[in-house]
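A quick write-up on the structure given underneath.
Numbered from 1 within each chain, the chains take letters A, B, ... in sequence-line order. Basis for what follows: all heavy atoms, side chains included, without hydrogens, waters or symmetry-related copies.
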Amino acid sequence: MTLSQKWTVLPALALALVMFAVPVALVLREALFDPGWTLVHFERFFGRPVFQNVFRNTLMVAGIVATACLLIGYPMALYIVTRPARWRPLLLFLVLVPMWMSILVRTYAWMVVLGREGVINHALLALGLIEAPLQMLYTSGAVYVAMVQILLPIMVVTCYSAMTEIDMGLIRAARVCGAGPVRAFRQVFLPLSLEGVLTGWSVIFILSLGFFIVPALLGGRRDALLGNMIVTQVAQTNWGFAAAMAIVLLAATIVLLALVRLLAARFIHSPREGGV
Amino acid sequence: MLQHNAPLSFQAVTKRYGDASALEGLTLDVKAGEFLTLLGPSGSGKTTALNILAGFTQASEGEVYIDDRPVGALPPERRNVGMVFQNFALFPHMSVFDNVAFPLRMRKATRALTREKVGAALETVHLSGMADRKPAALSGGQRQRVALARAIVAAPPVLLMDECLSALDLKLREEMRDEIRRIHGTLGTTVIFVTHDQSEALSLSDRVALLNDGRLCQVDHPQAIYDRPATRFVADFIGRTNIIAREAFEHLSGQPLGGPYASIRPERLHFTPQPGDIRLTGTIEDLTFLGASIEGRLRLSGGQTGGQVLRFAVPRSINAACPDPGQEAVMGCAPADIVTLND
């Protein structure tokens, strides 16, 4: 890297510093100084099973939501990428339309759909399939459904852009070599798309960790995520404890994603290596 | 069923997209072990023909036979052909060994047989020692060799090559051309080679099939196609030539012409007209000295032909000096060197 090239990365570095490093440092200070040096907030977090349960639950929900998005989003992206080129922009557009609405609006919409007097219960009652309204709102299921619906477009777009990098000529080559469509997909397309899959999964996982509106409005008491805990603590002006929880969440996220990346590096290949 | 006794046969194969036809009634028998080139400019239908043959595209009409079996209804994986792609299409996540082993694994070969055949194929393309590398770690020429090895490893009766030299630079291209010729000689496989490059076609092929606008113009041995082009397009596309319309030709030579055009190759014109030769009078323009030969143009003078320019390329001779530019000159051409062209 020449000197002038070094200077050109400065704005990006400055931005990262101001937008990420400084806030994290401030949060860290909040967690460790109250007002003097103390580990009391971390001791409180790790000392009480209730917080650890919420913490574990948060990681699990994020993992399940990310995986569900993957299982639904990957086939959607595959479908779009295999359509004729002129249809693809329209299909992608349709996938992205829900993102024009705020998460809050979409969450309220799910309340309308899933509630006791909601659309689904009305329809099922009218059809005579059930006799009493089903309890759907304020359950874990409602939280999962809404989070997946909110985050799915991100997964579809991430997978789609990874898939467009794959040379479809490779599929033809596999076919001529004697692979049927299924084997050509399994042996060539799937391995080359895994990098995008992993990126999508990681992004959804991280975004899920910070959700608090959806569990607050659609979930029951047991569905609270760490985000809800932090909101509660902030509301009670327990800044130090809220900061400590945020730091634990951030650290856990970094460790988990590093592990995922490390594992992936052994098995996953970029579609950009090779070629002409 | 038709019996052609050919490893490969196109029977009236047509491909239409709406009103436009990409390929129009291609009928062509390929002999066993033959190296046949589909040559043509882009949009001539050569790639369409190859795609129909490989099973990537369905023919609108007609049928392709491989070993006397109609294959139109078969997917690509059941046609048992080998193919080298324009960009090589190596699987980037697999080693050289796994790339070459792929067709064998798809055919459920045993591990021992796979190892043996991959070894032999890599040896054929002189890449033994490279089995563990990834395609990204190979040079362009090496990738081309891996692609070749993958195409031949399962010993398919027909080997398809789609513009497979065009991604290489000139020096490598010439090297790989010799390599392909050598491998064809060793294996004796029937090869269908698609290219727009006439020098590749002329130097490699047993026969060249020249396509234009979706139609087959002429199929013949390289020398025959050069010496006896059937149509104006063929004469123009293969090598360089002078095309003279019938009226002008008959005026010049005083002889009738059996078709709408006459073709005279530049190297068939000379400055020492013999009795019986057709004589062409004009002014010399634009002489270029090329060492072994001299190239230039002769602007015909007089009457109906006035203004037409003929290219010539004469061997340089110490004794017979070439006239200077601007000078009047008479050039001769033997009647046997004049080819009658159809439209």
### Query
Non-hydrogen atoms of chain A under 4.5 Å away: do they reach the side chain of B:N51, the backbone, both or neither?
side chain
### Query
Counting N and O atoms only, with roles assigned by atom type, does the side chain of B:R107 sit under 3.5 Å from a partner on the main chain of A:C177, one being a donor and the other an acceptor?
yes
### Query
Which atoms form the tightest heavy-atom contact between A:G169 and B:A89, and what is the distance?
O-CB, 4.0 Å
## Note on the structure
So, the part of B:R78 with a heavy atom under 4.5 Å from chain A: the answer is neither
### Message
I'd like to know if the side chain of A:R172 and the backbone of B:F56 have a donor-acceptor N/O pair within less than 3.5 Å.
### Response
no
### Query
Does the side chain of B:P103 reach to within under 4.5 Å of the side chain of A:V176, using non-hydrogen atoms?
no
### Query
Side chain, backbone, both or neither: which part of A:R183 has a non-hydrogen atom closer than 4.5 Å to chain B?
side chain
### Message
Does B:D132, at its CG atom, have more than 12 non-hydrogen atoms belonging to other residues, nucleotides or ligands within less than 6.0 Å?
### Response
no
## Note on the structure
For B:E77 and A:P181, the nearest pair of non-hydrogen atoms, with its separation, is OE2-CD, 3.4 Å
### Task
For residues A:Q187 and B:F91, determine if any side-chain heavy atom of one lies less than 4.5 Å from a side-chain heavy atom of the other.
no
### Query
When rounded to the nearest 0.5 angstrom, what distance separates CG in B:N87 from CG in A:L170?
7.5 Å
### Message
Please check if the number of heavy atoms outside B:R115 that lie under 6.0 Å from its CZ is greater than 12.
### Response
no
### Query
Measuring heavy-atom distances to chain B, does A:A184 have an atom under 4.5 Å in its side chain, in its backbone, in both, or in neither?
neither
